[in-house]
Amino acid sequence: MNYDFREIEAKWQKIWADKQTFKAENHSDKPKYYVLDMFPYPSGAGLHVGHPLGYIASDIYARYKRHKGFNVLHPMGYDSFGLPAEQYAIQTGQHPADTTKVNIEGGVDKEGNKIEGYRKQLDRMGFSFDWSREVRTSDPKYYKWTQWVFIQLFNSWYNKDTDKAEPIESLISIFEKEGNVSTNAVCDEDTPIFSQADWKNYSDTEKQRLLLKYRLTYLADTEVNWCPALGTVLANDEIVNGVSERGGHPVIRKKMTQWSMRITAYAQRLLDGLDKVDWPQPLKDSQTNWIGRSEGAEVEFSIKGSAHKIAVFTTRPDTIFGVSFMTLAPEHDLVSQITTPEQKAEVEAYVEATAKRSERDRMADVKTISGAFTGAYAEHPFTKEPIPVWIGDYVLAGYGTGAVMSVPCGDQRDYDFAKHFNIPIPNIFEGIDISKEAFSDKATTVITNSDFLNGLNYKVATSKAIAELEKLGQGKGKINYRLRDAVFSRQRYWGEPFPVYYVNGMPQMIDEKHLPIKLPEVEKYLPTETGEPPLGNATVWAWDVKKNGVVSNDLIDHKTVFPLELNTMPGWAGSSQYFNRYMDPHNEDAIYSPEAINYWQDVDLYIGGSEHATGHLLYSRFWQKFLFDKGVAPKDEFAKKLINQGMITGTSAFVYKLLYEITQTYEHYDKKEVVDFHTEIINRNPIFVSQSIRNRLVDPDNLDDFQNLTPEIQEVLDEIKEKVIEKFPRTKVIRVDLDLRKNFAIPLHVDVGFVNASDELDEKAFKNWREEYSEAVLVAGEDGTFKVSREVEKMSKSKYNVVSPDAICEEYGADSLRLYEMFLGPLEQSKPWNTAGITGAHGFLKKLWKLYFEESGIKVTDEAPSAESLKTLHKTIKKVEEDIENFSFNTSVSTFMICVNELTAQKCSSRSILEPLAILVSPYAPHIAEELWEQLGHNESIATVPFPKFEQKYLVESSKEYPISFNGKMRFKLELPMDLSKEEIEAEVMAHEKTQAQLQGRTPKKVIVVPGKIVNIVG
RNA sequence: GCUCGAGUGGUGGAAUUGGUAGACACGUUGGACUUAAAAUCCAAUGGACAUUAGUCCGUACGGGUUCAAGUCCCGUCUCGAGUACCA
């Protein structure tokens, strides 16, 4: 009987689906275990071999936990709102819902391309997902609850006294009793102070406007990152190096009315919570940096001849006597108000110039120092000296107060600015030379020239300065965070609509019981002509408060029918709670039942990519903490343990195209005919050379450098010349030469499917690939083979280096793929894909199969196992169990290989060894394990069979082969009984002839004996 | 620039609290079987010298601790990831 993986895998995938083998119950006597993968965005390109890496690891763990007696929740779903589907809709007019459905369920797209569909691809790899719990973020039944969370956030404020979110009603009742004078709440910077009487007198609209300054999600005019190419705003985490993460388009600053999430209220708790979770340190670090807590002081400077005050944030209040100027961000509100008439023109020109520059431009030349003097002077709080106030774009509007007290001697940026504009640089550091650069080492700071701070170190001076500022009422200690509130509006179609309508310009929440508010149909997915978001194209998009339903825009009368919000929610809205929704995914009355979440609690193991560090994983923690405050979630951190799987990169293949030119004299022939023929020859006969030829032609370190022409190439050029001569026999002079003007050996990606494990190109496949290559000339190397060169790059369609899991499953089977992906190396490490090695994993499965079967059928017997086989089995159990617990999946694959190699050598056919072995293998290679289990005579699935128990007694050794070292170098091995004492071992070793040979008569200075380990002889 | 991580054969990678460096697999070479190929099986495979024994060198580089260092400490270099005028 042969190992027919195609039949076996199809058979078991069907049985698992039919019998719902992996359905998880919300009630169980077993302990719970929740294993989660980051759900994918279903793109039209489908999965490549890099995607399943994390899924395979989590599946192994989930299966292992079932063997260990846990009730395992292992769900999967789709993050199905998103930009690519919308861009595709704009191009083709197809509804994103339709294309998304095809991408998930399979089918044919409008261009006639067959799409396999994510679901089929996933099923093929034998994952033990509970598909009955699938969620899709774009499903109204799902986004109903995304909208619900939004409403809860809107109806909450953050009470700093209790340090949690509370219902907005409690804030209103405080305002009614005492105004906001003593309210300790997180709110907008510009929130005015009002009394109980003020509150009473405010109009309804005014009250709503004020409440927006406290709500955890709020509508406000904010400086946003506007991406004109995408036609939408972006959050900070969606911008990489000043351009959009998706597409790499430029981003500019713009003031817009947008929904924001008051995530800053949770800044400290988001930091503190990191200590409670077992997440990778780099990920924690990047969240910590992103939140960016810094301790310091807020200091107020009054402005001479003005009632305005400038507030600055500084981490170095100890250097306050070193202030020689102040700098405001060009966008700072005070700029226009304090600028003197003489400086007005210069300042305005500067402000305008900076506004025009994109974020990227500003980042690109951080070295260019620019700024303008406002003409205004602030007053030093202690010396009362005047301090010139400048503006400069090195001060960011979005951080701190958007203004700094500039201490050039202690801060390099201030120093550079001062040097550039000839501003004095007073030195306040004892014994430090500041003629070349600023001094910022806190540890060795001793303050001088600073009145009451003289002689103090950083720490003491800081607290003293803060205390003195407090006495003056001009400052206080403050903790500042880099984290900004997150913009939550997107000017896009394919996202969750807000459950919001507008009365008198004030947002109103639609009552929960009318959710979901479904996306309206639109004709076009582009912004409207008036620049409104795509939902502005909808004709039925108004809210009728009488009917409680969406009605035609024609009916808007601002009395009972009002306009609905035109923005949609950002990509991370749907992913911020999906892990909880899986616990009770079909609940229509609540986001999930208390029973479900109290049973499942939180995610025990979460696996996904590290690129979500400051996006999804921060927002999800924020929402979780909010729902925890609301009493909806029992845990304030949603995932106990998180692992970032590494990326699988592609191994691109290249051939080199040689450029050449044909020259000839024109006698007897028409010039045009000649030139056309040359062009045709060059187009029809492109020359490609293999790597070795390229390396002889070109200096590999300098690709423009021609070295020498090889005979092979000369031959090819001569052949082409022959063709030209044939066509124009009477021509006197014909030359065919390489075009050496520039990089003449151009590397071109070729499909990795045309290349075998030895990097040899399938020339036929290559020529058939493209019409223009059909008569290509391929110049092989000296050994007669045409070899491509290879380079590791990100897997992508455009680089022709994508390897699909379907092809691997077809050729080697899912079990081989699973084993091989794990075998590649540690889970967290990124590594290049190389199909060649998969034969090793596949060969292992064949060898495993052969332990159970011979030609005629199963060969497993009830014979008692040998001591050797028992030892092999138990050391495998021990190692595999340790490996899985440590997520070291690559080493357990090796362990299996060793085990099977040993059992084969031992000719083991004993049931009491081979049954447990099938269970051990089953998390990794579940199909073959199920088949073996059934063939061994079992009727139930192997999935929940208890994991074999390790027994130390089988590993007890009676002797040990000691490595005998001389001065730390192992020279020979000596088999000795385990029960010898140190002295006995030493005596045995010293008496050995090889020891004497090594010593050559010398007397050892020292003999180190570690029983059971090693013997080292020194001297 | 800052923060974090990593450097081991031709390749992917092993190596538990410091204790036999290179497990396992790929690739390569030789051999068996076969008309042939595939598949399968056997052997060799870090480098150099010796080709029997053996010796020397080897975990990015330079030092150090130790009977013993891939592993611990100090310094340097390279690569990767994140972040970047954050006051």
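Values reported hereafter were calculated over all heavy atoms of this structure, with side chains retained and with hydrogens, waters and symmetry mates removed. Within every chain, numbering begins at 1; the chains are lettered A, B, ... in the order of the sequence lines, protein sequences first and strands thereafter.
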OP1 or OP2 of [N] under 4.0 Å from side-chain N/O of [X]:
| X | N | answer |
| --- | --- | --- |
| A/N890 | B/A14 | yes |
| A/N901 | B/A25 | yes |
| A/Q829 | B/A6 | no |
| A/T895 | B/C24 | no |
| A/K973 | B/U20 | no |
| A/K831 | B/G13 | no |

**Study point:** Dot-bracket line, read 5' to 3' along RNA chain B, where crossing pairs take [ ] and | marks a partner on another strand, Watson-Crick or G-U under 3.5 Å
**Key:** (((((((..(((......[....)))((((((.......))))))((((....))))..(((((..]....))))))))))))....
[N] versus [M] - spacing of their [atom1] atoms, nearest Å:
| N | M | atom1 | result |
| --- | --- | --- | --- |
| B/G5 | B/C73 | P | 12 Å |
| B/U59 | B/G13 | C1' | 13 Å |
| B/G63 | B/C57 | P | 15 Å |
| B/U52 | B/A44 | P | 14 Å |
| B/G64 | B/G70 | P | 15 Å |
| B/G7 | B/C61 | P | 13 Å |

Just to be sure I understand the rule, does [X] reach a base, reach only the sugar-phosphate, or reach nothing, if contact means heavy atoms closer than 4.0 Å?
| X | value |
| --- | --- |
| A/N480 | nothing |
| A/V1010 | base |
| A/T839 | sugar-phosphate |
| A/S294 | sugar-phosphate |
| A/L824 | sugar-phosphate |

Exercise for review: Mind calculating the distance between CD1 (A/I838) and P (B/G27) to the nearest angstrom?
Suggested key: 12 Å
Check your understanding: Can you check the A/E902 CD to B/A23 C1' distance for me, whole Å?
Key -> 11 Å
Practice item. Could you check A/Y399 against A/S294 for side chain to side chain donor-acceptor pair (under 3.5 Å), going step by step and ending with a plain yes or no? Key: CA-CA 11 Å; A/Y399 183 74; A/S294 51; 3.0 Å; yes
Parallel, tilted or perpendicular: ring planes of [X] versus [Y], cut at 30 and 60 degrees:
| X | Y | answer |
| --- | --- | --- |
| A/Y820 | A/F823 | tilted |
| A/W849 | A/Y3 | tilted |
| A/H842 | A/Y812 | perpendicular |
| A/F421 | A/W390 | tilted |

Protein-nucleotides 51-58 of chain B N/O pairs closer than 3.5 Å?
residue : atom : partner : partner atom : Å
B/U55   : OP1  : A/Q998  : NE2          : 3.4
B/C56   : OP2  : A/R971  : NH1          : 3.4
B/C56   : OP2  : A/R971  : NH2          : 3.1

Regarding [X] and [Y], does a basic nitrogen lie under 4.0 Å from an acidic carboxylate oxygen?
| X | Y | result |
| --- | --- | --- |
| A/K878 | A/E882 | yes |
| A/K764 | A/D762 | no |
| A/R6 | A/E811 | no |
| A/E295 | A/K478 | no |

Review point. So A/E437 and A/K419, salt bridge (Lys or Arg N to Asp or Glu O under 4.0 Å) or not? Walk me through it.
Key: CA-CA 10 Å; A/E437 58 182 4; A/K419 277 259 148 133; over 6 Å; no
